[in-house]
Number of protein chains: 2
Amino acid sequence: MVRWEPNARGRLEKAALELYAERGFDATTVAEIAARAGLTERTFFRHFADKREVLFGGTEGLEDLLVRGTLKASDDGLGPVEAIAAALAEFAENVFTKQRHELARHRQAIIAAHPDLRERELIKMASLASALAGALRRRGVGDPAAALAAEAGIAIFKVAFERWVAGPAGASLPQLIRESAAALKSVTGP
Amino acid sequence: MVRWEPNARGRLEKAALELYAERGFDATTVAEIAARAGLTERTFFRHFADKREVLFGGTEGLEDLLVRGTLKASDDGLGPVEAIAAALAEFAENVFTKQRHELARHRQAIIAAHPDLRERELIKMASLASALAGALRRRGVGDPAAALAAEAGIAIFKVAFERWVAGPAGASLPQLIRESAAALKSVTGP
DNA sequence: TAGCTCGATGACAGTAACTGTCATCGCTGT
DNA sequence: ACAGCGATGACAGTTACTGTCATCGAGCTA
């Protein structure tokens, strides 16, 4: 006999996703989320810094992973933007699989529906860009090249991900990333 | 004899800027800002949607201005990214003058110090990118090229602006924008 | 001039996000 | 057995933000 049901955090995430989808982000209170998860409001805030963060869990190791991928690709001789694109593509290969397409679509619909959630997503991306710029600098890329390459890499991912989410379940995100990278290259030209 | 002092909005902006700088964003309450401006909290929220927005006023005509500039530059035969960079450079020429360097530095220091304010800044930039992408599409640029060019243009501006703010008062933002655009071009290559 | 509408503000109550603090009580190691 | 730990609950407090009605000078109209 356990004192509490396990996986409180996961239950909160599930409850929040459901309620945000059912009633919208604004019309959902933290107390309601906690109640559906069989917990109290106070416990919600022990697991998540705020009402938005509950949608952005599992992002902890992400930056490190992509930084390592970028460093490796850079060591393989790729240019700055190509290195980031390669790291993102490899990451996408493992995480944004065909099975998770529907889940990602659902989540993005919720995020797109509310500016507060868009803001949170944007700052996560910006933080990632900053980390990737640092990685490039460690590989000898100067400034402002490193910062620009990182921003460009994130732009590639944003656009590719948007298309992946909007498109059919069969599409390959790594492929879309490669296409976006190519499109960026052609569009920066004359 | 007037019933109220004029320029309530401006007084609120000034008071907020001062208090955010003095005590920090978190430690400042809206009631304090309103009191310093000789108004009530309720009136603050009639002028600004929230506590952050008070730092982002005067942004109303910006999107239209840059969209028009981009359309014009595009008609002059520039490539998508170049067109946006040109529009941004011209805008910067008129707005981010040497005299406003100190003010901009001050404002950016406040924004950089608080994630909530960074989020707001990022969504403004994202909204601008979206508008610029629309402008490019109207000029026949396809997808995902239009979206990527817009994101790239915004990246150029972000990096250039960061350098302008961090650098000496004499630097020219339009010049930094042109340098960033060139750096992006070289970094997307092999 | 008298009355009327309008627009900016104040007054006040209410909701909900978030925080600080202390109590509770199974589990774990000694 | 028992002490301490860690996740949770209970509860009060602050503050961002909203809805609603009252106020009152300015300008319009008859």
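Computed from a predicted model, the values in this text were never measured in an experiment. Throughout, protein chains are lettered first and strands after them, A, B, ... in sequence-line order, and every chain is numbered starting at 1.
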Carboxylate-amine/guanidinium proximity below 4.0 Å for B/K51 and B/D116:
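Salt bridge: no.
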
Is A/E90 salt-bridged to A/R68, cutoff N-O under 4.0 Å?
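Salt bridge between A/E90 and A/R68, a charged N being under 4.0 Å from a carboxylate O: no.
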
pair [X]-[Y]: side-chain heavy atoms closer than 4.5 Å:
X	Y	result
B/H106	B/E102	no
B/L128	B/F157	no
B/L88	B/I156	no
A/L55	A/I111	yes
B/S127	B/E63	yes

Nearest-Å distance, [atom1] ([X]) to [atom2] ([N])?
X	N	atom1	atom2	value
B/N7	C/dA8	CG	C1'	14 Å
B/D50	C/dA17	CG	C1'	14 Å
B/F48	D/dA16	CZ	C1'	16 Å
A/F45	D/dA7	CZ	P	19 Å
B/E53	D/dC17	CD	C1'	14 Å
B/L12	D/dC17	CG	P	14 Å
A/R52	C/dC18	CZ	C1'	12 Å
B/R23	D/dT15	CZ	C1'	15 Å

With salt bridge (Lys or Arg N to Asp or Glu O under 4.0 Å) as the criterion, how do A/E18 and A/R36 come out once you've worked through the C-alpha distance, each side chain's angles and the decisive distance to 0.1 Å?
CA-CA 10 Å; A/E18 290 169 5; A/R36 182 171 290 203; 2.8 Å; yes

Is it the case that atom CD in A/E5 sees more than 12 heavy atoms from other parts of the structure closer than 6.0 Å?
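Open: at most 12 neighbouring heavy atoms sit under 6.0 Å from CD of A/E5.
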
Does OP1 or OP2 of D/dT8 have a side-chain N or O of A/H47 closer than 4.0 Å?
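True: A/H47 side-chain N/O within range (under 4.0 Å) of D/dT8 OP1/OP2.
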
Return the 5'-most residue of the pair A/T29, A/R46 with respect to DNA chain C, ranking by each residue's nearest nucleotide.
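Its nearest nucleotide being more 5', the pick is A/T29.
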
Please give me every residue in residues 14-22 of chain B whose heavy atoms get under 4.0 Å of an atom in DNA chain C, ordered by residue number.
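Correct list: empty, so none.
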
Interface residues of residues 31-44 of chain A with DNA chain C (non-hydrogen, below 4.0 angstrom):
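Nucleic-acid contacts, sorted: A/E41, A/R42.
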
Co-membership, hydrophobic cluster, residues A/W4 and A/L12, 4.5 Å side-chain
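As far as the 4.5 Å side-chain criterion goes, A/L12 and A/W4 are not connected within one cluster.
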
In terms of relative ring orientation, are B/F48 and B/F44 parallel, tilted or perpendicular, with 30° and 60° separating the classes?
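Rings of B/F48 and B/F44: tilted, 30 to 60°.
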
Show the distances under 3.5 angstrom between N or O atoms of the protein and N or O atoms of nucleotides 4-6 of chain D.
none

